[in-house]
Protein chains: 2
Amino acid sequence: MAKEIEKNNSRAADEVVRCLAAKIQAGDYPDGSPLPAERSLMEEYNISRTVVREAVQALSRQGLLQARPRYRPVVRKPGYDAAISALENVVTHLLNDHAGVRNLFDTRIMIEVSLVRHAATHADKNDIAALNAALAENEAAIPDSDLFYQTDKAFHAVLYDIARNPVLPAIHRAYATWLEPQWSQMPRLPERNAENYQAHRRIYDAILLRDPDLAEQCLREHLTSAWEQVCRTFGEKP
Amino acid sequence: MAKEIEKNNSRAADEVVRCLAAKIQAGDYPDGSPLPAERSLMEEYNISRTVVREAVQALSRQGLLQARPRYRPVVRKPGYDAAISALENVVTHLLNDHAGVRNLFDTRIMIEVSLVRHAATHADKNDIAALNAALAENEAAIPDSDLFYQTDKAFHAVLYDIARNPVLPAIHRAYATWLEPQWSQMPRLPERNAENYQAHRRIYDAILLRDPDLAEQCLREHLTSAWEQVCRTFGEKP
DNA sequence: TTCCATTTTTGGTATGACCAAGATGGGTTG
DNA sequence: CAACCCATCTTGGTCATACCAAAAATGGAA
């Protein structure tokens, strides 16, 4: 009851936001369909267009709507990727300094260490097969740096999939997106690719051996080496 | 050059957003100070108040401004907590179903496992002392469930601090915030507190023994038990 | 100096208008 | 008949203005 009083404290748009969000989640309106026109929402809720636009803007910034500039906002049911995309702007600021990148990269190391340990103890035949396939494509792509980058991501993606937690692949995509600028400026050489492939293979072998400690060690060496490469490229100290 | 054309495609507010964001990051305007009044921004940028408000809303949703309903927006330099708070709304939706909560909780287990393993191998004297102190307060709070909850969080917080990565404490606060609703509905009994305290102690002991595997096992048992408690409370299957 | 009442400032909302770019529909053309 | 093009309507983006209520500033009284 105190709650209503607090909320009464201005913010007419908030109620509309909640209502629309509820409707989106309830399936009415369906995912992928355009939102009703602002002018019709405005009379549906008995509010001014100002408020409608504020609500729409809020929802789109939350990732529940995809609002291209001149087009009708499109409903996008909230997924883990939507959550991640909400972070994008702030993360951009945090990545402005080297320490920020380092901190983010450290969390990636931490997570991937967990993933390979988990894989080394829990991976089933299908997981192993997926890793193997990714590894093969990775090897085949050594001469083509662009393609190698894709297969590199794909190999790591398999690791994120093994845990069967839909949050993790979203996190992986986030890392890939956020750290992309760093990577894209780095020189890409086939010999470097071969090195990375060997690292992937060692990780894979350790998982096959069901040795989490070894897998962790290999993964750490792999990512640490990648980080040192980044530092050399940007002339920063590790 | 194509970029300008794309951006010219509407979005007058975006430029203002970028400009204001830059000024915030540059220190002009200083952190914690209120933003200029809308009407003055409006003449500074030669735009209508509509656009000013849109920009302010955008910035506040990104966490660069803290905009209470009726007050002047306050500048808040982007930190890791700001990033997390940007997630809040979407996460709320994701937590609507049991599976979402489970997925989130699993990531917490994963992260904390990494943390205790790290602590077991790298914690220094100060870290141990901090853990010890948190543990003592935790024990003392067993009879008082509210206080126990605080000290419980504090104990886990120490774990998040040991890795010396500012991202992690922010993540911890996020978990605490997001999972709070689940916890707050659970019965809090001193005997349950005592159980949790014992679990904390076992984790601490394992860290003291420098045994990452044991620490991981204790942590897993602790969190798994907590999860089962949640499931019993809400009548869900694990 | 402290405190309260008044005035000013400022954020929240409503209206109405205009523009330009998408969406629509009907007529023309191959 | 289908593909194409232009006139038109629709709709999102922006602006200007006005009003209200709450916050902040101000000034006078105790």
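Each chain gets a letter, A, B and so on, in the order the sequences are listed, and its residues count up from 1. Heavy-atom basis, side chains included; hydrogens, waters and symmetry copies ignored.
- The CG atom of Asp14(A) sits 18 Å away from the P atom of dG11(C) (whole-angstrom rounding).
- Residue Arg49(B) places a side-chain atom within donor-acceptor reach of the base of dG12(C), judged by atom type and a 3.5 Å distance cut-off alone.
- Between the side chains of His156(A) and His172(A), no donor N or O sits under 3.5 Å from an acceptor N or O.
- One interatomic measurement links the two molecules: CD of Glu15(B) to P of dG13(D), which rounds to 17 Å at whole-angstrom precision.
- Distance Arg72(A) CZ to dG12(D) C1': 10 Å, rounded to the nearest Å.
- Between dA24(D), dT13(C), dG12(C), one nucleotide has an atom nearer to the side chain of Tyr71(B) than all others, and that is dA24(D).
- Both Arg39(B) and Ser48(B) lie near DNA chain D, and the one whose nearest nucleotide falls closer to the 5' end is Ser48(B).
- A donor and an acceptor atom never sit less than 3.5 Å apart when one is taken from the side chain of Arg70(A) and the other from the base of dG22(C).
- Residue Arg53(B) is in base contact, counting any heavy-atom pair closer than 4.0 Å across all strands shown.
- Rounding to whole angstrom units, CG of residue Leu41(A) and P of dG13(D) are separated by 13 Å.
- Remark: C1' of dA22(D) and CZ of Arg11(A) are 14 Å apart, rounded to the nearest angstrom.
- Separation of the Trp227(B) and His98(B) ring centroids falls under the 6.0 Å cut-off.
- Atom CD1 in Ile47(B) sits roughly 11 Å away from atom C1' in dC15(D) (whole-Å rounding).
- Atom C1' of nucleotide dG12(C) and atom CD of Glu54(A) are separated by 8 Å, given to the nearest angstrom.
- Side chains of Thr107(A) and Tyr175(A): a donor on one and an acceptor on the other come within 3.5 Å.
- Asn96(B) CG to Gln25(A) CD: the interatomic distance, rounded to the nearest 0.5 Å, is 4.5 Å.
- Put simply, CD on Glu38(A) is 8 Å from C1' on dG13(D), counting in whole angstrom units.
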